[in-house]
Each structure stands twice: as structure tokens, then as C-alpha cells.
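Have a look at the structure below before the remarks.
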Amino acid sequence: MTREFTNGPLTGLRVLDLSRILAGPTCTQLLGDMGADIIKIERPVQGDDTRGWGPPFVQDREGRDTRESAYYLSANRNKSSLALDITSTEGQGIVRELAEKCDILVENFKVGGLAKYGLDYDTLKTVNPSLIYCSITGFGQTGPYADQAGYDFLIQGMGGIMSITGEPAERGGAPTKVGVGIADVMCGMYASSAILAALHARQHTGRGQHIDIALLDSQIAWLVNQGVAHLVSEQTPQPLGNGHPTIVPYETFPASDQHFILAVGNDNQFRKFCSLAGCEELADNPDYATNANRVRNRDALVPLVAEVTGTRTAQEWIDLLSANAVPCGPVNDIAQVFADPNTTERGMKITLAHAASAQGSVDLIGNPINYSDTAVTYRKAPPELGEHSAEVLRTVLNKSDDEIAELAEKGTIGLHHD
């Protein structure tokens with residue numbers, strides 16, 4: 001029997017999202033883009049921490065800052081916001097009721113943080129044995145750091161990526177973090193993969209399971225070639241600025257007006273570059289003829305290439321080299337990224353209706369996944385705090401209007417008011 005999916009491959013699945021900030025919300029936004037119904041639990045009044053992480057904030061029609069920060073908007077579309085006090089007995093009961101009706105739960109509380117509310121995996125699996133329960137923490141459920149809170153910047157430092165990012169010390173460099181919360185984002189991506197695999201396993205076993213995923217573990221995993229280079233060689237990789245540890249020349253080079261990227265990936269491309277640039281003697285030199293020798297003699301070769309690239313503008317180099325299949329490109333700022341026609345053609349900038357915005361809409365980054373059959377969809381803008389509290393309780397848990405009003409009166413839930 002073939003099932004028709006009209007709103008993405010995860011249509012029909014329901015996710016209870018108890019996460020906040022970036023790793024968990026990145027994971028659940030991805031699942032939401034794929035069609036899953038995401039119920040985001042937020043604290044009444046405060047909401048997700050990132051609502052206050054600005055400016056910039058969305059501006060209302062009077063030009064005032066709203067509570068919708070750009071940071072929050074980046075990871076929370078396709079979700080319904082239920083403002084719920086899970087520290088209250090009634091709030092905990094509502095989470096358990098929701099968990100019974102959900103396929104997946106994602107949380108990023110400290111280890112043991114939900115157990116005191118009776119919302120840990122061991123408790124909720126008795127309510128719903130098929131529940132896939134994903135715990136995202138800084139350091140995992142076990143190990144000497146398990147009780148510590150994890151933050152992206154801290155994880156980038158502890159996980160090694162800062163030690164190989166930026167300029168070398170001899171060129172005045174210092175340990176440098178990546179310019180976005182990449183440890184959080186990658187942990188969210190690993191979490192989404194783990195959840196999808198657990199869904200597949202559940203089709204065969206009928207059982208859910210607990211997923212333990214840590215920011216530090218994820219960070220170490222995506223050290224990839226640099227991490228394995230250390231394990232193989234027992235040498236400690238060092239920062240190389242924009243250079244590549246095992247390919248040369250593969251970095252930014254100065255043109256007469258600005259920097260551009262030259263990404264020579266093999267010996268034939270290097271010879272072709274040298275021919276086009278009028279420096280054939282470099283390709284003929286045995287010190288530079290092979291990539292292995294170019295890596296060994298990087299310090300001598302890179303200044304020679306830079307001397308040549310400085311003779312033309314960046315666009316002249318890009319036009320010449322691109323036309324001759326030598327990999328190269330510009331170093332775009334973010335404004336240039338979103339103005340690029342390829343970005344537009346690929347749908348990487350989207351616009352969603354948003355009532356709080358003066359324009360009545362917000363611009364967001366699109367999902368990079370393109371299915372031939374089950375397209376990702378953008379059904380909801382990132383919600384305002386408690387925007388869907390009444391709707392979720394009414395449609396998922398069959399709460400009456402009187403019950404909802406009573407919960408609001410007690411402060412157990414928060415309701416959104418236009």
C-alpha cells in the first residue's frame with residue numbers, strides 16, 4: 001500500500017519539543033519542515049531564552065522592538081507554541097498527556113532535570129512505550145562532566161575546533177570560534193538523524209527508545225579529517241588561517257582589489273592555473289609539481305602564488321579561472337549571499353506571514369533539502385509566545401474552553417493576546 005504525503009515525509013508524526021536555545025530547536029525545526037507537527041513548550045512570560053537574544057528584533061507597526069528576535073526566528077518555524085509551567089503539578093500532568101499522544105520528545109535539560117518532574121524517559125515510556133525520547137546535553141548522560149551545563153562557545157573550545165580556526169600564532173592569531181553556533185547546529189543535525197533512525201527501528205520493534213546525544217561528542221565527531229589526522233600521525237593540527245591542511249594552494253589569495261578563493265584540488269588544476277597565470281615555472285618545479293610536495297613546501301609556495309594573484313582584480317581572476325575549470329570564487333558577505341541569483345533560484349530565502357511584524361511578514365533562511373516527491377513545507381512562521389496554547393489543549397487533549405480558562409487563571413498556561 002502506497003501512502004500519499006502532501007506535507008512532507010514526516011506528515012502525521014507529532015513531536016513534543018521541550019528544548020530551547022539552538023541545538024534542540026534546530027533539530028525540531030528540521031523535523032517540522034519535513035511535515036511533523038511540532039508542539040513547542042515554553043515557559044510562561046519568559047519563553048525560549050533566545051526570544052531576548054537581540055537586537056535585532058522584529059519591528060512592529062509603531063517601529064518598536066517586539067519579543068521576536070532574529071535569533072529565535074532562525075530555529076522555530078513550523079511549530080505551535082504552548083506556554084506551560086512544567087514546574088507545576090498540573091503542568092507536568094499536561095506534558096504526560098501530550099507525551100502519550102506524541103511520537104517523539106526532544107529535551108535539553110540538565111541530566112536528571114526532568115526526573116524531578118516525573119518527565120524523564122523511564123517515567124514517560126510507561127505512558128507511551130513507543131515514544132522516541134531524545135535528550136540533548138552538553139556532555140551526555142554519563143561521564144565526569146555529565147552534570148555541567150554546555151554552551152556552544154565552551155564546546156567549541158573544549159572540542160578542539162577553536163584550536164585549528166584562525167591565523168597561526170606566528171601571524172598574530174589566537175584561538176577563534178566559528179562565527180555561528182556551529183556546535184549547537186551540528187548537534188541538532190546529529191539528533192535529527194538519530195531520531196529518524198529510531199523511527200525506522202520502531203517500525204520493526206514497535207518500541208521507542210532513549211537517545212543520548214551530547215554537544216561535546218558531536219563537536220568531536222565533526223573534527224573529521226583533522227581529528228583523524230591526529231589519531232593517525234600523533235601530531236597535533238595547528239591553525240592555518242584559510243589554508244587547507246592537506247591541499248595547496250587552497251585558500252584565500254589577495255587580488256589587486258580584494259581577496260578571492262583559489263581552491264586547486266589536484267595537480268592538473270595547479271598546472272592549468274599556472275599556465276593561465278603566466279607562472280608555468282611553478283608547475284615545472286619538482287618542489288611544487290605534486291600536491292604532497294606543495295603541502296610540504298606551503299610556506300615557500302603560497303607567497304609566490306599571492307604575488308601573481310595581486311596583479312589582477314578578484315573578478316578578473318574568477319572570470320578567467322572559472323571559464324577554464326579551475327575552482328575559485330568570491331568571499332561573499334551575508335548581504336551578498338542573499339542577493340546572489342543562485343540563492344534566489346534555490347529558494348534559500350523565504351518569506352512567511354507574521355502578525356507581529358510591521359510588514360506582516362518575516363524573511364527567513366530556507367531549508368536546503370529538496371525532495372522529488374515529498375517536499376518540505378513552510379506552514380507556520382516562528383510562533384509568538386503562547387500563540388497556540390488554547391489550540392493545542394483543545395485539539396490534542398480535548399480540553400474545554402472552561403478548562404483552558406481555569407489553567408490560564410492559575411498561571412499553569414500562558415495565552416497569547418493580540
Side-chain angles (χ1 to χ4, degrees), residues 3-8 10-20 24-25 28-29 31-48 76-107 109 114 117-134 195 199 202-203 206-208 355 377 379-418:
R3 182 179 176 187
E4 293 296 326
F5 293 91
T6 58
N7 291 314
L10 300 185
T11 296
L13 292 174
R14 182 178 288 140
V15 179
L16 186 55
D17 184 2
L18 273 67
S19 70
R20 60 198 186 280
T28 52
Q29 177 170 270
L31 300 178
D33 286 354
M34 293 178 178
D37 177 20
I38 314 295
I39 300 172
K40 180 180 178 69
I41 304 298
E42 299 191 73
R43 294 170 297 176
V45 184
Q46 298 101 326
D48 189 308
N76 286 288
R77 67 167 167 260
N78 283 335
K79 302 179 185 182
S80 299
S81 173
L82 167 55
L84 180 67
D85 179 10
I86 68 169
T87 67
S88 69
T89 300
E90 282 185 300
Q92 293 156 20
I94 288 172
V95 173
R96 282 190 284 271
E97 287 184 73
L98 289 169
E100 188 175 3
K101 296 178 180 294
C102 287
D103 300 279
I104 300 156
L105 185 150
V106 178
E107 60 92 5
F109 283 72
L114 288 177
Y117 302 135
L119 302 177
D120 54 307
Y121 175 65
D122 286 340
T123 300
L124 293 186
K125 74 176 180 180
T126 65
V127 174
N128 181 358
S130 66
L131 182 67
I132 294 166
Y133 188 113
C134 181
I195 288 167
L199 283 168
R202 191 178 72 176
Q203 289 183 318
R207 299 189 305 274
T377 57
R379 305 175 306 284
K380 296 177 181 177
E384 296 181 71
L385 178 59
E387 182 177 346
H388 305 96
S389 294
E391 176 186 331
V392 168
L393 295 176
R394 189 180 299 117
T395 60
V396 180
L397 299 184
N398 297 314
K399 301 289 186 186
S400 68
D401 290 344
D402 287 344
E403 289 176 302
I404 292 169
E406 184 179 350
L407 289 167
E409 179 71 22
K410 293 177 180 178
T412 303
I413 65 169
L415 297 177
H416 172 69
H417 301 285
D418 294 329

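- For the side-chain contact (heavy atoms from CB on, under 4.5 Å) test with Phe109, the passing option among Asp120, Leu119, Ile86 is Ile86; the others fail.
- Under the 3.5 Å distance criterion, the side-chain polar atoms of Arg43 are matched with a main-chain donor or acceptor of Gly47.
- Between the OH atom in Tyr117 and the CG atom in Leu18 there is a gap of 11.0 Å [rounded to 0.5 Å].
- Not one N or O on the side chain of Asn78 forms a donor-acceptor pair closer than 3.5 Å with the backbone of Gln29.
- Atom CG of Leu199 is separated from atom OG of Ser130 by 10.0 Å, given to the nearest 0.5 angstrom.
- For the residue pair Ser88 and Thr412, the shortest heavy atom distance occurs at OG-CG2, 3.8 Å.
- One side chain, Lys79 or Thr28, offers a donor N or O that lies under 3.5 Å from an acceptor on the other.
- Between the CG atom of Leu393 and the NE2 atom of His388 there is a distance of 12.5 Å, given to the nearest 0.5 Å.
- Atom CG of Leu31 sits about 5.5 Å away from atom CD1 of Ile104, to the nearest 0.5 Å.
- Nearest heavy atoms, Ala83 versus Ser389: N-OG, 3.0 Å.
- Of the candidates Lys40, Glu42, Glu387, Ser81 forms a side chain to side chain donor-acceptor pair (under 3.5 Å) with just one, namely Glu42.
- The shortest distance between side-chain heavy atoms of Glu107 and Ser19 does not fall below 4.5 Å.
- Ion pairing of Arg20 with Asp48 is absent here, as no side-chain N (NZ or NE/NH1/NH2) approaches a carboxylate O to less than 4.0 Å.
- Between Leu124 and Gly118, the shortest heavy-atom contact is CD2-O, 4.1 Å.
- Contact record, Pro25 with Asp17: CA-OD2, 4.5 Å, taken as the closest heavy-atom pair.
- Within the 4.5 Å cutoff, no side-chain heavy atoms of Asn128 are placed close to those of Leu105.
- Looking at every heavy atom in both residues, Tyr133 comes nearest to Leu114 through OH-CD1, 3.4 Å.
- Here the side chains of Leu407 and Ile94 are in contact, with some heavy-atom distance below 4.5 Å.
- The line from CG of Asp402 to NZ of Lys399 is 13.0 Å long, rounded to the nearest 0.5 Å.
- Considering every non-hydrogen atom in both Leu415 and Ala408, the closest pair reads CD1-CB, 3.7 Å.
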Walk me through it: do Val15 and Leu10 pass the test side-chain contact (heavy atoms from CB on, under 4.5 Å)? CA-CA 10 Å; Val15 179; Leu10 300 185; over 6 Å; no
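- Annotation: salt bridge (charged side-chain N to carboxylate O under 4.0 Å, His left out) contacts involving residues 84-96, sequence neighbours excluded, comprise Glu90-Lys410.
- By the neighbour-count criterion of 12 heavy atoms within 6.0 Å, atom CZ of Arg207 is sparsely surrounded, having that number or fewer from other residues, nucleotides or ligands.
- Between Met34 atom CE and Leu13 atom CG the span is 11.5 Å, to the nearest 0.5 Å.
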Test side-chain contact (heavy atoms from CB on, under 4.5 Å) on Lys101 and Leu397 and set out the steps. CA-CA 9 Å; Lys101 296 178 180 294; Leu397 299 184; 3.9 Å; yes
